[in-house]
Amino acid sequence: MSDSELLVAVLARFARLLPAAHELPRILDELLRSVIDVLEPAGATVALAEQLCPGRSELFAARPADLLELEVCQRDSARGPGAVAFACGAPVTVIDIGGYDDMWPEFTSLARRHRISSVASVPLRVDDTEAGVLSLYSRAGRAWTGQDLSIAALLAGMATGHIVTANLVQRHREVTDQLQHALSSRIVVEQAKGVIAHANHTTPDLAFELIRSHARRNRVTVRAVAQGIVELGLRI
């Protein structure tokens, strides 16, 4: 298979798989798999912007997995090619990592332990959204070509679109869950108000005050008291 045929096959695989896959680990794994298939680096990593995925654990991905150390190092030190690429919004290439000991001492030391000589870092970006950085690693000195960077940027852009979609889907689910929880709470509280109003021959508003006062005295939520009334026969 020629290089162009391989790229077309990878892009087709990307297009088929990802629109239905809103899970970040699958998206990141497909991105890494694709760049390794087409560009044949020794390994690749992805670091996502924390603000894009607050509270999520899938901020980093790597093939092979031990290269995750390089991304964690850059996050902790705020120095390295990936950190620069993200800050500048432009690709950063390094042919010989040894020439950057003064600039990125933590990163270059760790890169040598992993036998990494060259790096290319490409921002993950869609419109004005900075989603993170894709980094390619070579064990030999490699002069990254314009074609290398173009292909990496193309794959990174496709992945970024899906990452943004996955983020929106996750947020939508969270909002839906919150609304469902609020609706369920409202329903059970209304039911409890009716039970207490009937039992105490009072109005629903006064029944709610009884429920709220009971919740405060016992340091529990109004919903918990309402559930006790409706589901367990609690009377106050």
Side-chain angles (χ1 to χ4, degrees), residues 17-31 45-62 65 68-79 82-83 86-87 106 123-133 159-236:
L17 172 66
L18 295 181
H22 297 306
E23 298 177 5
L24 276 178
R26 291 183 63 189
I27 296 170
L28 300 184
D29 185 68
E30 183 63 28
L31 173 58
T45 60
V46 179
L48 296 184
E50 193 166 359
Q51 61 267 28
L52 184 70
C53 308
R56 302 291 291 272
S57 60
E58 308 98 336
L59 289 176
F60 302 119
L68 280 174
E69 289 185 323
L70 293 169
E71 291 304 333
V72 174
C73 172
Q74 293 187 84
R75 180 197 62 186
D76 293 345
S77 67
R79 292 190 287 193
F86 181 75
E106 302 90 350
L124 298 174
R125 186 173 184 175
V126 167
D127 297 328
D128 294 329
T129 300
E130 299 285 354
V133 175
T160 304
H162 293 301
I163 290 168
V164 171
T165 299
N167 188 48
L168 291 174
V169 168
Q170 178 63 26
R171 291 184 181 181
H172 176 74
R173 287 173 179 168
E174 291 171 356
V175 170
T176 299
D177 289 345
Q178 290 169 0
L179 292 174
Q180 184 60 51
H181 179 77
L183 178 60
S184 299
S185 296
R186 181 66 181 269
I187 290 172
V188 74
V189 169
E190 291 298 321
Q191 290 174 330
K193 283 166 58 177
V195 171
I196 296 303
H198 178 76
N200 291 276
H201 305 288
T202 188
T203 66
D205 288 344
L206 289 176
F208 179 73
E209 289 302 320
L210 290 172
I211 294 170
R212 184 163 60 181
S213 296
H214 184 85
R216 287 174 176 171
R217 286 195 304 273
N218 292 276
R219 297 182 179 180
V220 295
T221 64
V222 169
R223 177 190 170 96
V225 175
Q227 284 182 307
I229 293 168
V230 174
E231 299 174 8
L232 303 176
L234 173 68
R235 295 296 177 264
I236 56 177

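Remember, it's a predicted structure, so these values are computed and weren't measured experimentally.
- Applying the side-chain contact (heavy atoms from CB on, under 4.5 Å) test between Lys193 and each of Ile196, Val195, Val189 identifies Val189 as the sole match.
- The structure places CG of Leu210 at 12.5 Å from CZ of Arg235, a figure rounded to the nearest 0.5 Å.
- Across Val188 and Ala226, no two heavy atoms sit closer than the pair O-CB, 3.7 Å.
- Of the options Gln180, Gln227, Arg223, a side-chain hydrogen bond (donor to acceptor under 3.5 Å, both in side chains) to Ser185 is made by Arg223 and by none of the others.
- Residues Asn200 and Leu206 form no side-chain contact, since every pair of their non-hydrogen atoms from C-beta on lies 4.5 Å or further apart.
- Leu234 places a side-chain heavy atom less than 4.5 Å from the side chain of His214.
- How far CG of Leu48 is from CZ of Phe86: 9.5 Å, rounded to the nearest 0.5 Å.
- A 4.5 Å side-chain heavy-atom check between Leu31 and Leu124 finds at least one atom pair inside the cut-off.
- Considering CG of Leu68 and CZ of Arg75, their distance stands at 10.5 Å, rounded to 0.5 Å.
- Atom OG1 in Thr202 sits 10.5 Å away from atom CD in Glu209 (nearest 0.5 Å).
- A distance-only check finds a donor-acceptor pair linking the side chain of Gln74 to the backbone of Gly82 [under 3.5 Å].
- Heavy atoms only, all atoms of each residue included: Ala159 and Ile27 are closest at O-CG2, 3.9 Å.
- By the 4.0 Å N-to-carboxylate-O rule, Glu30 lies too far from Arg26 to be salt-bridged with it.
- Under the 4.5 Å side-chain criterion, counting only non-hydrogen atoms from C-beta, Ile211 is in contact with Ile229.
- Proximity of Glu190 to Arg186: side-chain heavy atoms (C-beta onward) are separated by under 4.5 Å at one or more points.
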